[in-house]
Colleague: 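Following this message is one structure expressed as structure tokens.
Note on naming: letters A, B, ... go to the chains in the order of the sequence lines (proteins, then strands), and numbering restarts at 1 for each one. Because the structure is predicted, anything quoted here is derived from the model rather than measured.
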Number of protein chains: 2
Amino acid sequence: MTDKKLTLADLAKLAGVSTSTVSRALNDNPLIKQETRDKLQHLAKQHNFSLNTAASRLRSQKTNVVAVIINLDGDTEQSISDPFLLKVVGEINLALNKQGLELLLSNSFMASDDWANYFINSRRADGIIVVGQGKSQANIEAAANAGVPLVVWGDPKTPSNYPIVGSDNYLGGRLASEHLLAAGAKNIVFLGDPGHAEIGERHRGYMAAIAAANVTPHVVSIDITSRAAYQAINQLLLDKGLCFDGIMACSDMVALGAMKALKERYISIPNDVALVGFDDIAMADISHPSLSSIKQNTQRASVLLVEKLLAQLMGHSAQSQVVEIELISRQSSQR
Amino acid sequence: MTDKKLTLADLAKLAGVSTSTVSRALNDNPLIKQETRDKLQHLAKQHNFSLNTAASRLRSQKTNVVAVIINLDGDTEQSISDPFLLKVVGEINLALNKQGLELLLSNSFMASDDWANYFINSRRADGIIVVGQGKSQANIEAAANAGVPLVVWGDPKTPSNYPIVGSDNYLGGRLASEHLLAAGAKNIVFLGDPGHAEIGERHRGYMAAIAAANVTPHVVSIDITSRAAYQAINQLLLDKGLCFDGIMACSDMVALGAMKALKERYISIPNDVALVGFDDIAMADISHPSLSSIKQNTQRASVLLVEKLLAQLMGHSAQSQVVEIELISRQSSQR
DNA sequence: CTGAAAGCGCTAACAC
DNA sequence: GTGTTAGCGCTTTCAG
């Protein structure tokens, strides 16, 4: 900061052209001759000039910023450090940048409840990406009803008037359960919280597979954290002994917590109990035995989320969309 | 969005006062009578009014936005999904929000190299928090030299003209190594990349402990990922057999990768090989055996980072600062 | 304690 | 192709 801040007008004077020409040139407006554009862009670089985004946003009424809200339930221990959610945020960041958009990070605890007002009305951002449906869609719906450009990572099958991108959770739950059945499991525990939108679908898939195989379902409802899973499986073993031979966990973190409880009691994985998780986080591959999982295509989903948001920003409408999933079979379910 | 956007002037007209009064009232300026303030704030809420941040930023020349840059080396596989880095970002987010600041998320790949120009000159943000020193401090130094308010999460002992907040990595490395020695290990491998600032300090601590115990150091330099650790330990075992009885890993992810290689070969942890990691991520507690680790106080560090940035924004200077660490002893090192 | 008025730096009609 | 000009909506002196 040796020299005081240049303005567009200063630059125009330096170049001997008008401010509009400089403005257009720096925004790569094809109205301006290529040669002039190059010259002015070079000059800007040389003088370390950068458009004042505040002024440009005020004038043009758009920000090129997208608010990303990590939507956690108030009553869960699932934290903002959940590896899967953060992986999604990372991918969204990449997808946004590729479109020249910036990412304003928020979470559902800090921003006030009125997202439309806080983010859009105040011109903080042009649109919103919500990561996670949580148990209540009230905030999301309110914002969508207020006409805010909005997309959600969640369960695409939830009826909604805003686009939801996410995995086929029902299919994922079914595939995971069928995989366990194919491995010979007969008493499969579903470990997770069916009250949560995405997990509810996984649970439905589980129930379908269980019913088709004519065996008895066994749902253990827990908060979706490793710790809760560890405690729940411990308790189950204490209360009823080894009354199951398979676990379909609603996430990898939950599966890993369950695995720990099993390993501590020398219950063999996969021989005594086979396990499948969900998300395919990095740890699934690194755990021992490695954890089978349903892999969600977060990268593709992020690109779709940004595309659909962009569509809305241009006044078009966009639909919910399912992204493919894949069963990754590893040691925890192979016997 | 039923009604068209209100402006401050509209609101002033509605209330029968001037725009300056409304502006002051909404910004809680004590010049305005409490009663008037309350009335106007209530009116704003009622009409769903929100100040246009673009206009207010343009006028006041400050944004209340802080850019957080995740600073990764170009040549590492350590990804933006690294659980530790993301945990730090989450904590910073909280700390910023508590001060009424917003978080613009970036990473070193997307933003151009000239941070001063891109973030500050353009008025995208008032200051920068860099998460991770990486191997090169060139970008950071350039920004700091340009007079940008800037703080860094990294190794506080690195000489610098900007404040660095981070753990006492030297002490952490030493404590971890001494802990392994106390557990009876005599051939301790250091697993990590000493070329990286923070890890270099951990390595120095390791070397000090090793020298004091009069045993031989053994450094295995790898990219700081689980996968690289898994492969390196596998290779080492293939080449030289079980030539070590302890591993001091530069991070928990690295430690977990190493653990997998050991477990696959039925090498007992901690009896054959004792292990200590670094970071104390959630998985350390959930792995089996649970992983001993050096816990970094990320929450305290985040608060300090924000404080020091704020100090700079107010024209004061700020110093680097060390936050305390703690050895968490778990099964992987207890014998 | 409140009001009047001058801009912050840029963009986009509208001219030429 | 390029220039002139009128604001975008707010904050902040300065006056009272």
Colleague: Please answer whether the main-chain N or O of A:Gln133 pairs with a side-chain N or O of A:Asn71 as donor and acceptor at a distance below 3.5 Å.
Modeller: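 Here the side-chain-to-backbone pair exists.
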Colleague: Any chance the side chains of B:Ser18 and B:Ser20 put a donor and an acceptor closer than 3.5 Å?
Modeller: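 Yes - a donor-acceptor pair under 3.5 Å links their side chains.
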Colleague: Which part of the nucleic acid, if any, lies within reach of A:Ile32 when heavy atoms closer than 4.0 Å are counted: base, sugar-phosphate only, or nothing?
Modeller: sugar-phosphate
Colleague: Taking protein heavy atoms under 4.0 Å as touching, what does nucleotides 11-16 of chain D look like 5' to 3' if B marks base contact, S marks sugar-phosphate-only contact and - marks none?
Modeller: BBBB--
Colleague: Report yes if the side chains of A:Phe49 and A:Leu43 come closer than 4.5 Å at any heavy-atom pair, otherwise no.
Modeller: no
Colleague: I need the CG-P distance between A:Leu58 and D:dA6, as an integer number of Å.
Modeller: 17 Å
Colleague: Which value, rounded to the nearest 0.5 Å, describes the distance between B:Asn97 atom CG and B:Ile92 atom CD1?
Modeller: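 One gets 11.5 Å once the value is rounded to the nearest 0.5 Å.
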Colleague: Let me know the distance between CG of B:Asp10 and P of D:dC8, rounded to the nearest Å.
Modeller: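 Roughly 11 Å, once rounded to whole Å.
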Colleague: May I ask you to decide if B:Asn52's main-chain N or O and A:Arg123's side chain share a donor-acceptor pair within less than 3.5 Å?
Modeller: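 A pair under 3.5 Å: no.
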Colleague: Is the backbone of B:Ala318 close enough, under 3.5 Å, to the side chain of B:Gln312 for a donor and an acceptor to pair up by distance?
Modeller: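 Checked: no pair found.
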Colleague: Measure from CZ on A:Arg124 to P on D:dC10 and round the result to the nearest Å.
Modeller: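 Rounding to the nearest Å, CZ of A:Arg124 and P of D:dC10 are 12 Å apart.
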Colleague: Donor-acceptor pair, distance only, cut-off 3.5 Å: does the side chain of B:Ser23 make one with the backbone of B:Thr19?
Modeller: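 Absent.
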Colleague: Quick one: are A:Val130 and A:Trp115 in side-chain contact, heavy atoms under 4.5 Å?
Modeller: yes
Colleague: Using chain A heavy atoms and a threshold of under 4.0 Å, write down where along DNA chain C the contacts begin and end, 5' to 3'.
Modeller: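 For DNA chain C, the relevant span reads C:dG9 to C:dC14.
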Colleague: So what does A:Thr36 touch, heavy atoms closer than 4.0 Å: a base, only the sugar-phosphate, or nothing?
Modeller: sugar-phosphate
